[in-house]
Amino acid sequence: MNNKIKDMIFEFSQAYGPPGREEGIRNSIRKRVEGLCDEITVDQSGNLIAIKHATEKTSGRLMVSTHMDEVCLLCSKVLDSGFLRVEPVGFDPKLLPSQKVIVHTKDGEQLRGVVGMLAPHLQTEETKSKISDYDDLFVDVSMHDISKFSVGDFITFSSEPFESKPFVFAKTIDNRGCCIASVVALEYLQSMRHSFDFYAVFSSREEIGAFGARTATSMIQPDVSIAMDVTFGNIDIPGHPKVELGKGPVIAKGPVLTKRVSERLLSCGKNNGIDTQLEVTPSRTGTDADQIQLEGYPVGLVSIPLSYMHNTFEKINTDDIKETGRLLALFTSELKQEFLTIQSEEEGA
Amino acid sequence: MKELIRKLVDVSSPSGHEKKVHQVILQELEGHVDGYRYDNIGNLIVWKTGVAEKPKKYLLDGHADEIGVVITHVDEKGFLRIDPVGGVNPLMLLGTTLQFESKETHEMIKGICSYESETFEDAKKNLQNPNYDVLFVDIGASSKEEALKHVNVGNFGTYESPFIEQNGKLISKSMDDRIACAIIVQLFKELENTPNDVYGVFSVQEEVGIVGASVAGYDIMPDMAIAIDVTANSDTPKGFKRMDLCLGNGPAIKIKDKASISDSVVVDRLTQCAKENGIPYQYEVLLFGGTNAHGYQLTRSGIASGTLSIVTRYVHSPHEMVDMNDVLNAVKLLKKVVE
Amino acid sequence: MYLKNLSELYGASGNEEAVKKYIREIVKKTGKIDYIKEDHLGNLMCFKKGKNQKKTLVLMAHMDEVGLLVSKIEEDGKLNVLPVGGVDPRVLLGKRVVVGEKNIDGIIPFKAIHLQKSDYKKVPDWNDIRVDIGAKDKKDAESRVGIGDYCHFNTSFEEYENRYIGKAFDDRAGCSIMLDVLESMTELPTYNVIFAFVVQEEIGLRGSGAVLKHFHPDAALILEGTTAGDNPELKKERWSTHLDNGPAINYLQSMYVIDRRLFNAIIRTAEDIKIPYQMKGRTVGGTDAGRLARSFYGVPGAVVNVPARYIHSPVSVMSKSDYHHTFKLVKALVMTENYLEALEV
């Protein structure tokens with residue numbers, strides 16, 4: 001399984017998928033889930049929805065939502081001298097100097113660009129101590145005919161993934177690592193009985209805050225849902241419990257998350273020998289969970305620890321992905337109708 | 001069409017008070033729509049039914065509200081304190097004329113905005129970095145009683161500025177977003193026997209946080225929603241070096257702003273119609289701001305949405321400038337899109 | 001008048017269960033509700049049929065208060081906390097709190113003044129704040145509380161001739177007024193009324209929208225406890241409200257302009273029943289009216305506030321006469337047709 005996961009990371013990380021333009025990653029995921037589910041649709045917002053029906057009489061719908069879009073840049077101005085000015089979607093400008101990028105043109109071409117930085121010999125004391133922000137940066141595309149580029153072209157990063165067991169280094173593990181966990185869950189479910197229909201939603205547009213998860217939830221109207229995203233691993237954040245790579249999926253507790261779902265995730269892990277970690281979210285979580293809650297549905301949040309989030313190389317432990325997928329499958333399989341009944345009461349007074 | 005634009009920008013309708021401009025819009029649309037209604041929170045929705053057997057549904061949105069100010073306090077000497085309604089930079093108010101509707105006469109009362117300055121140091125600080133705590137509005141009243149004859153706490157007002165036509169440009173307040181309302185009205189006037197259903201939404205309260213457009217699409221659920229709004233420019237001296245938006249280069253097909261990325265089907269359709277009909281256009285990546293497209297994108301199970309922008313100089317100032325050709329081309333383009 | 005009990009109950013955003021239970025008991029005791037519904041988020045919605053069932057008003061107040069969440073337990077047994085809702089760390093120093101489901105007592109200390117040097121004027125940040133529950137070490141602390149446990153302010157309610165003192169008047173005052181209105185009904189209201197006690201307002205208006213999925217109201221009336229600012233440190237022109245001047249009416253709040261028709265109906269009603277009222281002087285801060293207007297199919301709303309000093313801190317001060325006048329205003333708006341019929345204009 002770990003090898004399969006590694007292969008998926010390599011593949012998914014290279015797939016094209018800026019927010020609102022997720023065609024590339026959608027196809028890659030689709031190929032992987034095709035044999036594992038009963039129905040696949042793509043909805044109005046570009047969400048990919050894979051449905052595996054309950055193996056017995058269905059008690060309701062369980063939705064697992066993970067976003068598939070990536071951080072990137074956009075061309076905001078074309079300079080005749082062979083350069084592009086850019087606008088980011090979630091990307092740290094400090095990582096750009098000397099970075100190789102790919103510009104996706106309106107004609108469907110993928111052209112190489114390079115983010116340059118002035119050589120040290122030509123720098124002054126003043127410029128050496130400054131961090132370049134987007135107003136100072138540019139992409140060198142002088143190796144191509146400038147007329148091929150236009151304002152609005154999306155730009156993604158080139159980074160060749162590699163493995164160093166048990167870790168994999170690649171881009172866009174936020175959040176495709178979690179998409180892989182959904183695929184893994186579907187794999188495990190092939191040999192499990194479950195009485196809830198399993199909706200694996202690969203959602204769009206999370207990185208720009210125009211959440212596909214919101215509209216998918218509105219359409220699916222799940223009885224229970226779980227959002228999956230990555231969280232900061234192996235880094236000291238004052239006041240927060242330390243989350244470590246390799247120590248298993250992270251369950252979040254907090255007001256946005258439905259207490260019963262969080263508790264059930266924790267007990268499911270305990271009962272099945274899956275190590276879990278805990279994190280606390282005192283208000284909005286910054287994940288698809290926020291949207292699912294606003295639509296009015298019970299939601300839990302499971303996260304996979306990740307180092308160097310939104311970097312050109314993020315780092316993840318493939319065991320964590322596997323265990324997260326396994327946790328979701330077991331949660332689904334163990335979910336019974338009784339879990340729903342307490343959630344909404346109606347009485348005459 | 002210039003008269004239409006002038007009529008619309010002249011109305012003083014800040015967020016939450018769109019009724020006035022809605023009435024002018026309805027007058028203009030009389031005989032040109034198949035029906036209209038107001039929804040729960042006051043969005044004005046008009047429509048023309050398509051003649052095709054399986055008509056597509058298009059929704060065009062222009063927000064009816066403009067930015068403004070609200071009176072929070074009337075002091076003993078008749079001076080008014082204000083807070084902003086929408087994104088009104090306090091620097092824009094210094095030396096500006098504001099207008100409020102008088103309770104007594106129902107005419108528009110003008111007010112001049114200035115700042116506190118007890119000492120030279122205060123004056124310098126407040127002039128360089130004004131905030132609403134140090135601003136006040138003078139309507140020329142000599143006492144609280146006199147001021148209260150005309151206005152009170154809770155009254156909303158807007159900029160007051162003349163409509164100017166010069167060198168092919170139009171300059172006035174509230175081009176944001178009356179220019180869009182004008183474009184939609186003009187479109188409905190020109191549409192005849194369209195195959196598709198076309199909805200025009202003159203939405204409310206965009207400037208305080210995309211309120212109207214978050215719910216306007218709920219009962220309609222069109223196949224495509226296009227918000228029409230102003231966008232910034234980069235073609236003035238030392239304008240934003242990272243953006244490329246020029247007056248006169250045609251309506252702008254928005255790719256991205258801070259609130260959304262336009263759906264590719266909308267971008268593609270706008271591009272295709274522009275190319276096929278020789279209509280000039282430019283692509284837009286805006287470094288700040290958002291439009292009603294964001295509201296439609298997140299409605300229910302999602303609506304394919306995008307924005308067609310009119311490049312505008314001096315947005316959110318009392319003198320916003322647009323190029324008449326861009327406006328006419330926007331009408332032309334949208335007509336082709338919905339047909 | 002349930003303000004004392006409601007104020008003393010513990011219920012920060014996401015942990016409103018105890019408050020909901022209490023309110024539900026009172027509601028059932030009145031026997032005046034036709035139908036109660038609770039949803040996944042924890043909202044409590046109580047439906048009362050009116051004489052005329054063609055229109056429905058949703059009357060709303062939020063049950064949650066601001067508080068803290070335990071995020072980490074240190075080796076020495078002290079707790080790290082994070083704010084739930086808008087809590088200024090400066091109000092926490094030296095206060096008593098209760099932690100977890102068993103309401104374990106704790107304090108939030110600051111270094112003895114004798115030992116302070118450059119930190120005398122330092123604004124504490126969340127990394128410096130610790131809760132001490134008297135545990136010997138981490139293990140001892142873990143046997144009593146856990147990560148994810150809630151911490152609430154611990155304040156006893158006090159009543160004076162024209163003042164109430166207590167915590168969470170934002171928005172238990174609103175909840176209390178709703179219960180008073182319900183209890184005092186001697187006939188049916190003109191139209192249907194939903195008494196909606198919602199959750200998680202303080203962390204971003206997260207609970208109220210879901211109410212629109214269970215019911216289809218025509219308009220909303222939100223009750224809030226709001227800022228005052230009427231103290232010697234703020235100039236009069238920048239006060240939000242003034243205690244004893246009556247219920248405060250909003251015309252503009254953060255991200256929403258109050259529906260002008262409903263605003264006018266409130267003013268007219270206040271004039272008709274001859275109670276003192278004031279305009280809110282500041283336009284900052286959001287309420288559930290903003291959430292309802294932009295959720296699903298959209299519901300227009302207005303807000304009536306009881307002024308309260310020092311909200312979002314362990315001790316708030318409110319005027320009795322303001323509470324009473326607000327109650328009268330809300331009752332009139334709920335029972336008569338003016339409010340809902342204002343939308344017909």
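Protein chains get the first letters and strands the later ones, always in sequence-line order, with residue 1 at the start of each.
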Side-chain heavy atoms of C:Tyr256 within contact of B:Val208, under 4.5 Å: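 No; the side chains remain at least 4.5 Å from each other.
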Residues, nucleotides or ligands: over 12 heavy atoms within 6.0 Å of [X] [atom1]:
X	atom1	answer
B:Glu104	CD	yes
C:Lys328	NZ	no
B:Lys77	NZ	no
C:Lys331	NZ	yes
B:Lys125	NZ	no
B:Glu121	CD	no
B:Arg37	CZ	yes
B:Lys103	NZ	yes

Using non-hydrogen atoms and a 4.5 Å limit, figure out which bit of [X] sits close to chain C: side chain, backbone, both or neither.
X	result
B:Arg81	side chain
B:Ile82	backbone
B:Pro14	neither

Which of B:Ala213, B:Gly209, B:Ser214, B:Gly154 touches chain C most, by non-hydrogen pairs under 4.5 Å: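 Ranked by contacts with chain C, first place is B:Gly154.
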Top contributor to chain C interface from B:His17, B:Glu207, B:Arg300 [non-hydrogen pairs under 4.5 Å]: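 When all of B:His17, B:Glu207, B:Arg300 are compared, B:His17 has the most.
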Can you give me the closest heavy-atom contact between [X] and [Y], atom names plus distance?
X	Y	answer
B:Val211	C:Ala293	CG1-CB, 3.9 Å
C:Val257	B:Phe156	CG1-CZ, 3.6 Å
B:Val153	C:Met279	CG1-CB, 3.5 Å

Stepwise salt bridge (charged side-chain N to carboxylate O under 4.0 Å, His left out) test for C:Lys235 and B:Glu116: CA-CA 13 Å; C:Lys235 68 181 179 189; B:Glu116 293 172 353; 2.9 Å; yes
Atom pair CD1/CG of B:Ile41 and C:Leu343 - distance to nearest 0.5 Å: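 These two atoms lie 12.0 Å from each other.
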Spacing of C:Arg294 atom CZ and B:Ile210 atom CD1 [to the nearest 0.5 Å]: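 Answer rounded to 0.5 Å: 8.5 Å.
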Neighbourhood of chain C inside residues 66-76 of chain B, taking heavy atoms under 4.5 Å as contact: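 Expected list: B:Val70, B:Ile71, B:Thr72, B:His73.
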Residues in residues 130-142 of chain B near chain C [non-hydrogen atoms, under 4.5 Å]: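 Against chain C, the residues of residues 130-142 of chain B that fall inside the cut-off (heavy atoms, under 4.5 Å) are B:Tyr132, B:Asp133.
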Residue among C:Gly290, C:Ser254, C:Gly281, C:Gly301 with most heavy-atom pairs under 4.5 Å to chain B: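 Top count of heavy-atom pairs under 4.5 Å with chain B: C:Gly281.
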Neighbourhood of chain B inside residues 245-252 of chain C, taking heavy atoms under 4.5 Å as contact: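 C:Tyr251, C:Leu252 fall under the 4.5 Å cut-off.
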Polar side-chain atom of B:Asn40 near backbone of C:Val299 as donor-acceptor pair, under 3.5 Å: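 Flag not set: sc B:Asn40 to bb C:Val299 has no pair under 3.5 Å.
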Residue pairs, two or more places apart or on separate chains, that pass ring pair (Phe, Tyr, Trp, His ring centres under 6.0 Å) and touch residues 276-299 of chain C: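 Residue pairs with at least one partner in residues 276-299 of chain C: B:Tyr218-C:Tyr297, C:His216-C:Tyr297.
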